[in-house]
Visitor: 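Just dropping this structure here.
We count ligands from 1, going down the list as the structure has it; atoms in each ligand are counted the same way. Just so you know, residue 1 is the first one in the sequence shown, and it goes up from there.
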Amino acid sequence: MKTLSNSQIHDFNENGYLLVEDALSSDDLNPLIQEFEEIVDKGAKQLYGDGEIDSEFKEEGFDTRLAKITEQSPTVFQKVFSGAHTGPALFDLLINPKLLDIAESLVGAEIMCHPAYRVRPKLPEHARTLVPWHQDAGYMEPRCDSVLQLTIWIPLIDATVENGCLEVMPHAHRDGVFLHRQNPENFYLEIPDEEFQDVEPVVIPVNFGSVLLLTNLTPHRSIPNVSHQVRWSVDSRYQDAAKPTGYQPEAGFLARSILEPNNVVTTPDEFKRIREEHKPGPGPNRWAKNENND
Ligand SMILES: O=C(O)CCC(=O)C(=O)O
């Protein structure tokens, strides 16, 4: 079922982004928070037992505990960061009907959950979690530049200017794919500042329960986390299942379909198996030729 109004769809197409307030309830998000809390708790116990950290930091909340642990050991952070997590609550969120209804409004009723979903516990003042200006299309194969790959960005705590919410370049999704360079300091691709002319970026705080929609051509970055909080978020991506995902290192799955209902992935076990059994294909590497010249 499509849930976005015509005016929301118009704004999304016009600006390249859309904030959907109160799209999810705490019942939709709390199971995933609990899933991460359990991993963090188990990891802290293990590290403390191994003498790697000097406290389990049990008194800290979901929004601070991982930062305290990571000051002394990166192990737990590495476990949950990025697309490595395949827990049941994450699967339930990826296929949450409220998110699929939003996706259906923009990509149609045959919905592929794109392989590149990410979990981001964004740590205070931490370069590895500071994502520079890029378009998601920059990470995909060029044949997908014209496919709408919808990002739904979902904070698990209020994402604020202090703890590093996202900033976007409005309207710039109409200008095709910008030049990206590999940042030598980290593994991220980055659009050089001089590529943007006459565009004013917009910082978008997103409250718990609200979600931010982006196109794969919308330039965006996350701003520095100058708070003491871990700005936990998930970014999931959806597209027309008939079109290529342009990303072979990980596996996507059919999330909703009228044409092929038997191929829709409906259980967390199946999701986990698909992720784990996937034989990674080559990464797009579309910017390799630019690495040495400009
Ligand atoms: O959450 C972040 O800090 C960055 C998210 C991002 O760049 C993305 O979803 O493509």
Visitor: Would His134 count as being in polar contact with ligand 1, using the rule that some N or O on each side must be under 3.5 angstrom apart?
Guide: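 Yes, since at least one N or O of His134 sits under 3.5 Å from an N or O of ligand 1.
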
Visitor: Verify the ring-centre separation between Phe253 and Phe271: is it less than 6.0 angstrom?
Guide: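 They qualify: ring centres under 6.0 Å apart.
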
Visitor: Number the atoms of ligand 1 from 1 as they appear, then name those within less than 4.0 Å of a heavy atom of Asp136, with their elements.
Guide: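 Selected atoms, number and element: 10 (O).
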
Visitor: Determine the minimum heavy-atom distance between Phe178 and Trp287, stating which atoms define it.
Guide: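 Here Phe178 and Trp287 meet closest at O-CH2, 3.2 Å.
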
Visitor: Looking only at protein heavy atoms, which one is nearest to atom 6 (C) of ligand 1, and how far off is it?
Guide: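 Scanning the protein heavy atoms, the shortest distance from atom 6 (C) of ligand 1 goes to His220 NE2, 3.5 Å.
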
Visitor: Roughly how far, to the nearest 0.5 Å, is CG of Leu93 from CZ of Phe91?
Guide: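 If I round to the nearest 0.5 Å, the distance is 11.0 Å.
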
Visitor: Once you restrict to heavy atoms under 4.0 Å, what part of Leu214 touches ligand 1? Side chain, backbone, both or neither.
Guide: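 Neither part.
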
Visitor: If we ignore hydrogens and angles and just use 3.5 Å, is the side chain of Glu104 paired with the main-chain N or O of Met1 as donor and acceptor?
Guide: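 Confirmed, Glu104 side chain pairs with Met1 backbone.
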
Visitor: What atoms in ligand 1 come closer than 4.0 Å to a heavy atom of Ser233?
Guide: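 Result: 1 (O).
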
Visitor: Any N/O of Thr151 closer than 3.5 Å to an N/O of ligand 1?
Guide: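 Checking ligand 1 against Thr151, no N or O pair falls under 3.5 Å apart.
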
Visitor: Can you list the steps and then say if His220 with His134 is a ring pair (Phe, Tyr, Trp, His ring centres under 6.0 Å)?
Guide: CA-CA 6 Å; His220 60 286; His134 68 284; 4.1 Å; yes

Visitor: With heavy atoms under 4.0 Å as the rule, classify the contact between Arg221 and ligand 1 as side chain, backbone, both or neither.
Guide: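 Near ligand 1, Arg221 shows nothing, with every heavy atom at 4.0 Å or more.
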
Visitor: Give the residue and atom name of whichever protein heavy atom lies nearest to atom 5 (C) of ligand 1, and the separation in Å to one decimal.
Guide: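 For atom 5 (C) of ligand 1, the nearest protein heavy atom comes out as Arg120 NE, 3.5 Å.
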
Visitor: With a 4.5 Å heavy-atom cut-off, do Leu217 and Asp175 have their side chains touching?
Guide: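 Not touching, per the 4.5 Å side-chain cut-off.
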
Visitor: What I want to know is whether Lys122 and ligand 1 share at least one N or O pair that is separated by under 3.5 angstrom.
Guide: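 Among all N and O atoms of Lys122, none is under 3.5 Å from an N or O of ligand 1.
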
Visitor: Measure up the Phe36 and His85 rings against each other and bin them: parallel (under 30°), tilted (30 to 60°), perpendicular (over 60°).
Guide: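 If you compare the ring of Phe36 with that of His85, the planes turn out tilted.
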
Visitor: Say you draw a straight line from OG of Ser236 to CG of Leu94; how long is it, rounded to the nearest 0.5 Å?
Guide: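 Answer rounded to 0.5 Å: 5.5 Å.
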
Visitor: Which protein non-hydrogen atom lies closest to atom 9 (O) of ligand 1, naming both residue and atom, and how far is it?
Guide: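 Nearest neighbour among protein heavy atoms for atom 9 (O) of ligand 1, to 0.1 Å: Arg237 NH2, 3.0 Å.
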
Visitor: Of the backbone atoms (N, CA, C, O) and the side-chain heavy atoms from C-beta on, which set of Arg231 has a member under 4.0 Å from an atom of ligand 1: side chain, backbone, both, or neither?
Guide: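 It is the side chain that touches ligand 1; the backbone stays farther off.
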
